[in-house]
Amino acid sequence: QVQLVESGGGSVQSGGSLRLSCAASGDTFSDYCMAWFRQAPGKEREGVAVSDSDGNTSYSDSVKGRFTISQDNAKNTLYLQMNSLKPEDTAMYYCAATPTYYSGAYYVPAPYEYNYWGQGTQVTVSS
């Protein structure tokens, strides 16, 4: 099992940047497929970015070119660098993990595929 704790959310103006962090504890961090999801009020949770256990990454079309997922296995930490933020990026952001291997250049994570979740961190982008 793995425990996940997100941080780094906040309020920013349109065009600004934030970096989210997800600290993991428990099982070997590098054995898991790690992903970021977000959920806006009244909307379903959606996959944003994924970093598989081989270090390959993929993104949803809505954030491609603006967000970057990365992980530091020595620190057991997953990151999401968010640049050129837009008001429509406003949401609760969640870190998630699964021991199942998912990968692919166009793979977008789905919530049902992930077993472990953090509590979320709020991101608010104002226009």
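This structure is a prediction, so every number in the text was calculated from the model and none was measured.
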Item checked: side-chain hydrogen bond (donor to acceptor under 3.5 Å, both in side chains) between D27 and Y32, intermediate numbers included -> CA-CA 9 Å; D27 279 350; Y32 284 75; 2.8 Å; yes
Next item on the list: Find the distance between CG (L85) and OG (S14) and round it off to the nearest 0.5 Å.
Entry: 8.0 Å
Check: Is there a donor-acceptor pair closer than 3.5 Å between any side-chain N or O of S58 and the backbone N or O of Y107?
Finding: yes
Next item on the list: Spell out, yes or no, whether L80 and V108 are grouped together once hydrophobic residues are joined by side-chain heavy atoms under 4.5 Å, including indirect joins.
Entry: no
Notebook entry, point to check: Atom CD of E88 and atom OG of S127: how far apart are they, to the nearest 0.5 Å?
Noted result: 10.0 Å
Margin query: So, taking the atom named CD in Q71 and the one named OG1 in T77, what distance separates them when rounded to the nearest 0.5 Å?
Written below: 10.0 Å
Next item on the list: Could you tell me whether the side chain of S53 reaches within less than 4.5 Å of the side chain of D31, counting heavy atoms only?
Entry: no
Item checked: Single-linkage hydrophobic cluster Y59~V50, side-chain heavy atoms < 4.5 angstrom -> no
Next item on the list: Please tell me if the side chains of T100 and E113 come closer than 4.5 Å, counting only heavy atoms from C-beta onward.
Entry: no
Next item on the list: State the CZ-CG distance between R38 and D89, to the nearest 0.5 angstrom.
Entry: 5.0 Å
Check: Any donor-acceptor pair under 3.5 Å linking the side chain of D54 with the backbone of N56?
Finding: no
Margin query: For F37 and W117, take the angle between the two ring planes, folded into 0 to 90°, and tell me which bin it lands in: parallel under 30, tilted 30 to 60, perpendicular over 60.
Written below: tilted
Margin query: Looking at every heavy atom in both S84 and S17, which two are closest together, and how far apart are they?
Written below: N-OG, 4.3 Å
Margin query: Given 3.5 Å as the limit, does a donor-acceptor pair link the side chain of Q39 with the main chain of A91, or not?
Written below: no
Next item on the list: Start with the C-alpha gap between D52 and C33, add the side-chain angles, then the distance that decides, and say whether side-chain contact (heavy atoms from CB on, under 4.5 Å) holds.
Entry: CA-CA 4 Å; D52 69 25; C33 184; 4.2 Å; yes
Next item on the list: Mind listing the closest non-hydrogen atom pair of A35 and L78 along with its distance?
Entry: O-CD2, 4.1 Å
Next item on the list: Would you check if the side chain of Q119 reaches a backbone N or O of V5 as a donor-acceptor pair within less than 3.5 Å?
Entry: no
Margin query: Does Q13 have more than 12 heavy atoms from other residues, nucleotides or ligands lying within 6.0 Å of its CD?
Written below: no
Next item on the list: Mind checking the OG-CG spacing from S30 to D72? Nearest 0.5 Å is all I need.
Entry: 11.5 Å
Next item on the list: Provide the closest heavy-atom pair for T121 versus S7 in the form atom of the first, atom of the second, distance.
Entry: OG1-C, 4.1 Å
Note to self: Check this for me, if you would: do D61 and K64 make a salt bridge, where the nitrogen-to-carboxylate-oxygen distance has to be below 4.0 angstrom?
What the structure shows: yes
Margin query: Does either side chain, that of N115 or that of T98, offer a donor lying less than 3.5 Å from an acceptor on the other one?
Written below: yes
Next item on the list: Starting at CE of M34, measure out to OG of S51 and round the result to the nearest 0.5 Å.
Entry: 8.5 Å
Checklist line | Hydrophobic cluster identity match, Y114 and L4, side-chain contacts under 4.5 Å | finding: no
Margin query: Test of understanding: clusters of I, L, V, M, F, W, Y form through side-chain heavy atoms closer than 4.5 Å, transitively. Do Y116 and Y93 belong to the same one?
Written below: yes
Checklist line | Hphob cluster co-occupancy, Y94 + V123, side-chain heavy atoms under 4.5 angstrom | finding: no
Checklist line | Side-chain (Q81) to main-chain (T68) donor-acceptor, under 3.5 angstrom | finding: no
Note to self: Set out, in order, the CA-CA distance, both residues' side-chain angles and the distance that settles side-chain contact (heavy atoms from CB on, under 4.5 Å) for W36 and C22, then state yes or no.
What the structure shows: CA-CA 9 Å; W36 287 98; C22 172; 3.8 Å; yes
